[in-house]
Structure formats: C-alpha cells, structure tokens
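Notes to accompany the following structure.
So you know, we letter chains A, B, ... as the sequences are listed, proteins then strands, and number each from 1.
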Protein chains: 2
Amino acid sequence: MTKGRPRKFDKEEALETAMKLFWQHGYEGVSIAKLAEAMGINVPSLYSAFGNKEKLFMAAFDKYSLLGGHIYIDSLKQKTAREVAYSILKGEVELVTNPEHPDGCMVILGALVTSSDSEHIKKRMDEMRQTPPKWMAERFAQAIKEGDLSPEVDPKSLACYIMTLNSGLAVQAKSGVGKKELMKVVDIAMKNWPFVD
Amino acid sequence: MTKGRPRKFDKEEALETAMKLFWQHGYEGVSIAKLAEAMGINVPSLYSAFGNKEKLFMAAFDKYSLLGGHIYIDSLKQKTAREVAYSILKGEVELVTNPEHPDGCMVILGALVTSSDSEHIKKRMDEMRQTPPKWMAERFAQAIKEGDLSPEVDPKSLACYIMTLNSGLAVQAKSGVGKKELMKVVDIAMKNWPFVD
DNA sequence: GTATTTATTTAGCGATCACTATATAAATAC
DNA sequence: GTATTTATATAGTGATCGCTAAATAAATAC
C-alpha cells in the first residue's frame, strides 16, 4: 500500500454515482453537497479525490464517453452506410432508454443549457459533440468509394443528419418517450434509405 | 388611469427580456437578480408584477408559444403530408437559428434538464411538448384519408419522427450548427419522402 | 518507537439563491 | 387639502452555492 491513510471509498464507484447524477440533472443541476451525499463521502473527501466540480464532471464524462463512444466505434464497422446508420440509431435508442442509466444522453444534455457562469463547460461539451459526426462523415465518404452510398450525397451533411436524429432521440427519451416508440422513429428514418444511387 | 402609482416600466417589454433570458439559459440558469437587472427594474417590482420566478417563466413561455405555435398552425394548412412536414421542419430551422432570438427552442431547452427542485417545471414543459405531435398525428391521419400519405404509415409514429427531428434541430442549433447546414439536414430528411404509397 | 504522508471530520468562509419587510413616492378619490 | 392605493427603492431574510482551513485519524518509512 502507498504512503498515507488509505481512501475509505471506491473511487470508481463514487465516480459512477456522480456520472449518473450529472447525467440526470446536468452540470449545474446537482450540487457538491448532493453529489457527496450520494457518493457516500463528505465534501472535503470529494475535493481531495477529484479536485473541484468541473474536474469531477469531466472525469464523470470520461467514464460516460466509454459507453457513448462504443455506439460509434462498433457501428462504424458495419459493411454498408445503411447498416452503419441503422446501427448508430438503434444503439442510441438503446442507450437513451436503458433503465440502468438515466434517460437521455450525457454529452447532449449534460451542459446544453447553462447559466453564464458555466458557458465554459457548455462549450467543452459542444466540442465533444463534434467528434461523432466527423467519424461518420469519414465512414460515409468511404462508403461512396465502395459504392454503397450515392456520390451525390454530401458525407458531412448526412453525418449531421444522423447526429440530429440522435440528439432528437435523446431529447425525446428525456421527455418520457419510450423505447418502443423511438424504435418506430428509427424505422421510419431508415425506411427507403434514399442514398443508394 | 387606474388608482395608485403607475408602473414605470413596460410590462410586455420586460417580459420579452425575461423570455429571451429563459430561452438562452433555461429556468434554473438565470437568477431573479439577473432577470431584474436585464429587465431594467428592481427585484420587488418584478415580484409585484409577475408573482414569483415560476409564474414569470410561465408568462414568458406563453409569449414564446405564440412564436413556436405559429410554425405548426401555419404548416398544418399545407395541402399534402409531405408539404406539412417540410413546412414544419423548415419553420423549425428558421426559428432555432433566427439571430433575433437565442439559438434553439424554448419549449425544448427551457427546462429539459433541471435540479430536483424544478422537476415540477420540467414536467410542465414535457407536457407542452406533447401538443404538436398530437396536431401532426391528426393531420397525417387526414392525409391518409385524402390519399397523399400511405395507409401503412402510423400517423402517431410519423408525428413522433418529425418531433424527433425538430428536437434534434433545436439541439444542433444550440450547439452552434448554422442555418445552412440545418437546411441541408432538412433536405436529406425530405429526400424521397417515402410515405406516398 | 518517531516522522511523514494522506484521508477524514467538523466547522465555516464569502457569494449568491429566491424572496420579502419596511419605508417612501406617485397616482386617484373625495 | 386628506385618505387610499399601488409602485418604487433600500435593505435584509434564511438557505444554499462552491469551496476550504484546521484538527484528527490511519497508513508507511525508518
């Protein structure tokens, strides 16, 4: 064991709790006091382990992004653009309606609307949201080369379209719309996937 | 003039200011002090004119819903389901990227993610968001009767799909995506509108 | 054993939260 | 004029915000 008094609590477990609270209430919607209580520790222990509220949020977000990122990493391996899109949308529905987590999506809802004090965090999240569309645009460009996507399609716009649907699915789930209905939405979106020449 | 000292400020003008602040920062993201300062009045005047923060928010929301509601009222008059959908999506893009207002959509972003203290407001907004899909579902059912929409389509699901796109467009605009890109998203969504028999 | 290091606890910092008590100012009613 | 009514301005309520100083507890190093 390392020098000094050992930590009483499991840091990853505590971080998981913080992640879920930020996921549900957003960065500004949960206080340090509430976080510490839910994590089963007192406030100074929270600060000594995680620095401050912003760093705790970012650490929780890193944990979240392992979940959220897998949707894209797995889906982009699909053989055709159509299968990629369907896999992403289906994965998003499963994520945003999974009863083991809060409804919605942390990267979309965690700091979308904030007070002036937290615009810094909002901008960080805005930037994070730009990565998946970039990945998708690259994948769709490849699909055009491989012939399973019409060359008339702009890969960037198609990626933005999928991201728009994903964002909408997160909002709908947060509003209380269930998995069944959202899967029907995905079915409609995929009906006559119109981009194969 | 009525009895008593007359109000120094224009109530509708002050409400317009409050609406924009709530629109940009959400219910919990702006304080009474900030609101009063921006409205050019002091705090007790705000309370005597509007009651409390929740009532002020709801009054601001009523003002907003005149803007947001017109999109649907106007669009539902279009002749075919396809034109209705296009008009709604185009109207949403214009609303959420209008430089005269904050980015995004107040009914979607105003209280989507809140602390436990404001779950009451969140639920009220969740309910408000259910009205447009109901209108759309009725209109799409009518379109099926009139023959410009396939009878295989579930009007409710199609309405939920359009609402999902609308929500996504609001999130994208709030994230900094511009009008041009969002109009391309709408174009993709409308490409080969797949629901005419 | 003592010294050092780190985590915990209690208690409290100044700032801001939504909201209001009190006094004063400005209008009408008579 | 006086009485009444309503809006204003000043100041301040208790509660909570993010965060921390100080003391104590529990481990290792030697």
Side-chain angles (χ1 to χ4, degrees), chain A residues 1-15 17-18 21-22 24-61 110-111 113-122 124, chain B residues 1-15 17-18 21-22 24-61 110-111 113-122 124:
Chain A
M1 196 175 284
T2 55
K3 253 190 291 189
R5 178 173 177 173
R7 184 176 285 121
K8 250 187 180 176
F9 62 95
D10 185 315
K11 200 173 168 180
E12 284 305 310
E13 212 172 282
L15 192 56
T17 302
L21 277 178
F22 281 131
Q24 184 174 3
H25 298 293
Y27 176 69
E28 289 184 321
V30 57
S31 67
I32 291 286
K34 285 256 175 74
L35 284 161
E37 193 195 349
M39 293 156 92
I41 61 181
N42 36 32
V43 173
S45 295
L46 186 156
Y47 278 92
S48 95
F50 299 103
N52 58 24
K53 191 182 184 183
E54 189 172 327
K55 284 178 183 168
L56 174 61
F57 179 81
M58 291 311 298
F61 175 74
V113 181
T114 63
S115 77
S116 308
D117 298 335
S118 306
E119 270 176 12
H120 175 236
I121 302 268
K122 171 180 159 26
R124 289 258 282 282
Chain B
M1 194 175 287
T2 53
K3 254 191 288 188
R5 180 173 175 175
R7 184 175 285 121
K8 246 186 180 178
F9 62 94
D10 184 314
K11 200 173 168 180
E12 283 306 310
E13 211 172 282
L15 192 56
T17 302
L21 277 177
F22 281 131
Q24 183 173 4
H25 298 293
Y27 176 69
E28 289 184 322
V30 57
S31 67
I32 291 286
K34 285 258 175 75
L35 284 160
E37 194 195 349
M39 293 157 93
I41 62 181
N42 37 32
V43 172
S45 295
L46 187 155
Y47 277 92
S48 95
F50 299 103
N52 58 23
K53 192 182 183 183
E54 189 172 327
K55 284 178 184 168
L56 175 61
F57 179 80
M58 291 312 296
F61 175 74
V113 182
T114 62
S115 78
S116 309
D117 298 335
S118 306
E119 269 175 13
H120 175 236
I121 301 268
K122 172 183 160 20
R124 288 258 282 282

Please tabulate, for the side chains in residues 41-49 of chain B, all donor-acceptor contacts under 3.5 angstrom to protein atoms that are two or more places apart in sequence or on a different chain.
residue: B:Asn42; atom: OD1; partner: B:Ser45; partner atom: OG; Å: 3.0
residue: B:Ser48; atom: OG; partner: B:Ser45; partner atom: O; Å: 3.4

Practice problem: Determine, stepwise, if the pair A:Leu15 / A:Leu56 fulfils side chain to side chain contact (heavy atoms under 4.5 Å, CB included). | Solution: CA-CA 8 Å; A:Leu15 192 56; A:Leu56 174 61; 3.8 Å; yes
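Using a 4.5 Å heavy-atom threshold, the side chains of B:Phe50 and B:Met39 count as touching. The shortest side-chain heavy-atom distance between B:His25 and B:Lys34 does not fall under the 4.5 Å cut-off.
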Practice problem: Using a 3.5 Å limit on both pairing distances, list the dot-bracket string of DNA chain D from the 5' end; Watson-Crick and G-U wobble pairs count, crossing pairs take [ ], interstrand pairs take |. | Solution: ||||||||||||||||||||||||||||||
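In this structure, A:Ser118 and A:Glu28 approach most closely via the heavy-atom pair OG-OE2, 2.6 Å. Of all heavy-atom pairs between A:Ser115 and B:Gly29, the closest is CB-O, 3.0 Å. Pairing each heavy atom of A:Ala38 with each of A:Leu21, the nearest pair is CB-CD1, 3.6 Å.
The CG atom of A:Leu35 sits 11 Å away from the P atom of D:dC19 (whole-angstrom rounding).
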Quiz item: Tell me, for nucleotides 7-18 of chain D in 5' to 3' order, what letter each nucleotide earns: B for a base near a protein heavy atom under 4.0 Å, S for only sugar-phosphate near one, - for neither?
Solution: BSBB------SS
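The aromatic rings of A:Phe22 and A:Tyr27 lie parallel to each other, their planes meeting at an angle below 30°, with 60° marking the opposite boundary.
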